[in-house]
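What follows is a short report on a single structure.
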Amino acid sequence: MKSDFKTFCDIAQQIAEIRSTREKTAVCAEYLQQLESDEHLDLAVRYFGEGAFSTVSGKRAVIGHRTIAVCAAEFLEIDYENVFRPSRIATGSASETIQKLMENLDSARQKRIPDSQLSLSEIHLKYEELAALRKRKEKEALLQEIWRSLSPLEIKYFLRILGGGSLRIGFESRSILNAIALAFESDPETVRFTHMITGSLGKTAILARSQRLDEARFILHQPVAFMLASPYENHSVDQLSDYVAEEKFDGMRAQLHVSGPEISIFLRDLNAISDSFPEICAQFADKNLPPTVLDGELCVYLDNTIQPFQLLQKRMGVKKPTAKLLQTYPVAFVAYDMLYSDGKTLFDLPLVRRREILEKFCRENEIFITEQYNVSTTDDIDTLFNRAISHGNEGLILKRQDSPYEFGQRKKSWLKVKKPGGSLDTVILYANAGSGKRGGTFSDFTLGIRVSDDDRFEQDFVPIGKAYSGYTDAELKQLNIAIKPLVREKFGPTLSIEPQIVVEIEFDEIQINKRTKAGFTLRLPRFRRIRWDKSALETDTLSEVERMFAEKLSRERKPQAAFR
């Protein structure tokens with residue numbers, strides 16, 4: 001029975017353990033071919049890449065990580081603080097922790113009678129039930145009831161689907177779309193375009209199976225996949241003059257759909273955030289604009305100056321911001337691309353033409369728009385980069401003038417010019433086995449910051465981030481040898497390590513995270529070098545992290561050049 005949830009989970013785990021992207025795609029395509037109904041095809045691709053509900057549905061089964069963790073500890077009959085929490089920190093994954101504990105504890109095995117015949121449709125009904133509940137105790141009771149009929153592997157993927165987005169099996173949206181194209185003998189580019197304008201993996205798969213991809217139509221107030229930028233240093237550029245430069249703002253990417261008084265704002269993950277920014281909605285509603293879609297940035301904007309991203313974080317997730325919050329952290333939307341205008345999509349137009357339409361529209365309607373600069377040499381880039389940094393921004397985006405809007409891809413058309421936000425000397429606390437090409441190798445590392453002299457803590461180190469890039473193959477091999485004699489405990493695919501290996505990491509920025517012991521996490525940490533010459537007592541402290549964070553917040557920023 002290919003439409004049962006057990007088979008889906010087995011396929012997901014099989015994909016996780018395969019190294020080759022091509023083989024992953026082939027396994028997924030074969031599975032999709034065998035699903036008989038459109039409903040099960042819709043649910044399968046949704047579960048692979050979107051979550052319990054379609055991205056464009058706006059529906060969420062909101063259950064906090066803490067609620068799930070406490071609920072699991074109760075079901076497993078273990079102490080949350082002394083058993084579950086340390087296990088979760090070690091694995092770096094609550095769902096992985098719950099799976100391993102469900103497999104190994106007698107108390108959990110006795111409570112469960114797995115039903116291998118549960119269909120994808122029946123699982124969907126359970127997500128619907130969870131989404132309808134409002135009280136935490138009711139959600140916990142239903143979760144435990146659901147777990148009684150699932151195997152440990154099914155419980156892991158049930159929770160990951162519930163969380164939304166990626167299943168963390170090395171198989172993201174682009175690969176899922178390639179699997180849909182392979183399964184139903186469709187053109188991959190047409191499949192990608194259909195997904196972009198429908199916003200739904202399920203709709204795309206159904207249209208592909210019935211050979212009706214040409215019926216897909218753009219729908220206003222339904223988000224489309226964003227065009228993405230690749231690192232500048234990873235690509236050689238023959239003619240810099242083919243590009244224009246814009247400052248990369250210290251804000252949050254957003255897509256704004258407007259038609260008269262109706263306004264929708266979407267993040268890069270395609271989630272709607274309109275309620276969090278009522279001043280933007282009111283500003284654009286008052287303009288009574290024709291149907292339009294803009295790509296741009298949300299920034300806290302005070303005294304003609306873009307403020308640190310950390311201040312914007314105070315607005316994120318607040319669905320009904322107070323008058324004080326709106327006044328203290330006023331947000332502006334700055335446009336830099338146009339995707340829909342005058343009843344037509346503009347994706348296929350070159351950037352220079354889209355820019356002409358955008359500039360005219362923004363000028364006539366008094367909408368903030370980015371400045372663009374011509375570049376021809378690396379000196380031009382250095383000058384503009386330093387200017388962007390003086391404004392407190394992240395760097396530059398180079399955009400090829402003849403490029404279409406390449407939705408959902410990282411190609412050479414947009415290039416980001418950035419420098420690390422800082423570096424720290426840390427220690428490896430945990431090593432986690434990789435998947436795909438890195439299967440069988442410990443390649444994901446939880447890094448710790450020193451708190452041994454900090455009266456707020458009893459331990460010597462607390463986690464500050466997780467890095468899985470920046471090292472060479474030779475360094476990774478050396479690390480895997482070095483950690484073996486330092487293993488304290490093993491938690492499934494995760495090793496707890498004696499804090500002796502020092503790693504200098506670089507990162508984009510420091511962010512507040514009250515759910516962690518440190519109170520902070522690092523955005524995009526990656527290895528800079530392994531400091532075999534240093535001891536753990538020479539690593540940086542949490543006080544240094546706090547100092548760096550405070551320094552960035554207080555750093556003087558020059559006013560942003562007036563938006564046109």
Side-chain angles (χ1 to χ4, degrees), residues 49-65 131 162-166 173 196 198-200 218-228 248-287 289 291-302 306-340 367-368 370 394 407-408 509 511-515 523:
E50 293 179 325
F53 301 99
S54 172
T55 304
V56 298
S57 70
K59 185 179 289 187
R60 298 287 180 273
V62 181
I63 303 181
H65 297 294
L162 181 65
S166 168
S173 290
M196 186 203 70
T198 63
S200 167
F218 172 79
I219 301 174
L220 200 65
H221 300 289
Q222 181 172 288
V224 299
F226 287 70
M227 185 168 178
L228 306 174
K248 190 177 190 305
F249 294 147
D250 195 13
M252 180 170 63
R253 186 87 175 271
Q255 193 178 108
L256 191 145
H257 293 229
V258 54
S259 54
E262 187 176 0
I263 312 297
S264 301
I265 308 173
F266 301 96
L267 286 181
R268 215 173 77 178
D269 61 6
L270 306 186
N271 283 324
I273 54 166
S274 311
D275 291 344
S276 297
F277 300 97
E279 72 270 51
I280 301 298
C281 293
Q283 174 194 343
F284 279 86
D286 288 346
K287 296 179 185 295
L289 299 170
T292 305
V293 178
L294 300 173
D295 186 4
E297 199 89 5
L298 291 171
C299 309
V300 174
Y301 192 60
L302 274 170
I306 290 179
Q307 301 299 315
F309 173 76
Q310 287 83 352
L311 299 187
L312 182 63
Q313 283 184 298
K314 298 180 182 295
R315 294 286 307 273
M316 292 161 61
V318 181
K319 290 188 176 181
K320 293 183 178 180
T322 62
K324 183 178 180 180
L325 199 63
L326 292 170
Q327 183 179 8
T328 308
Y329 306 110
V331 171
F333 177 82
V334 187
Y336 47 66
D337 214 326
M338 188 172 239
L339 311 185
Y340 184 84
I367 296 170
F368 283 170
T370 54
E394 297 180 2
F407 43 88
E509 63 184 20
Q511 296 181 336
I512 292 176
N513 187 342
K514 294 181 179 179
R515 292 184 299 179
R523 183 167 180 260

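The analysis underlying the following values was restricted to heavy atoms, covering all of them including side chains, and did not include hydrogens, waters or symmetry mates. Here the structure is a predicted model, which means the values were calculated and not measured.
With sequence neighbours left out, I63 forms a side chain to side chain contact (heavy atoms under 4.5 Å, CB included) with T67, I68, L130, K139, L143, L162. Contacts of Q511 classified as side chain to side chain contact (heavy atoms under 4.5 Å, CB included), with partners at least two apart in sequence or in another chain: F309, Q313, E509, T521, R523. In this view, S264 and H221 satisfy the side-chain hydrogen bond (donor to acceptor under 3.5 Å, both in side chains) rule, not counting sequence neighbours. With sequence neighbours left out, L289 forms a side chain to side chain contact (heavy atoms under 4.5 Å, CB included) with V258, F284, K287, F361, N365, I367. Checked against side-chain hydrogen bond (donor to acceptor under 3.5 Å, both in side chains), Q255 has the following partners two or more places apart in sequence or in another chain: H257. For E279, the side-chain hydrogen bond (donor to acceptor under 3.5 Å, both in side chains) partners at least two apart in sequence or on another chain are R315. Here K324 pairs with T322, T328 under the side chain to side chain contact (heavy atoms under 4.5 Å, CB included) rule; sequence neighbours left out.
Shown here for A131 and F53, the closest heavy-atom pair between the two residues is CB-CZ, 3.9 Å. What you find for C299 and G251 is that their closest heavy atoms are SG-CA, 4.2 Å. Of all the heavy atoms in L298 and I280, the pair that sits closest is CD2-CG1, 4.2 Å. The nearest pair of heavy atoms linking G49 to S173 is O-OG, 4.3 Å. In plain terms, the two heavy atoms of V318 and S276 that are nearest each other are O-OG, 3.1 Å. The minimum heavy-atom distance between P321 and P278, with the atom names listed, is CG-CD, 3.6 Å.
Rounding to the nearest 0.5 Å places CD1 of I273 at 3.5 Å from CG of L267. A distance of 8.0 Å separates OG of S274 from CG of L256, quoted to the nearest 0.5 Å. Here CZ of F368 is found 7.5 Å from CD of Q283. Values are rounded to the nearest 0.5 Å. Within the model, atoms CD of E262 and SG of C281 stand 10.5 Å from one another, a figure rounded to the nearest 0.5 Å. Taking CG from L325 and NZ from K314, the interatomic distance works out to 9.0 Å, rounded to the nearest 0.5 Å.
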Intermediate values then yes/no, side chain to side chain contact (heavy atoms under 4.5 Å, CB included), L270 and F226: CA-CA 9 Å; L270 306 186; F226 287 70; 4.0 Å; yes

Please tabulate, one pair per line, all N/O donor-acceptor pairs under 3.5 Å involving side-chain atoms of residues 330-340, not counting sequence neighbours.
residue, atom, partner, partner atom, Å
Y336, OH, R253, NE, 3.0
Y336, OH, G296, O, 3.3
Y336, OH, E297, OE1, 3.1
D337, OD1, R354, NE, 2.8
D337, OD2, R354, NH2, 2.9

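No donor-acceptor pair closer than 3.5 Å links the side chain of Q307 to the backbone N or O of L312.
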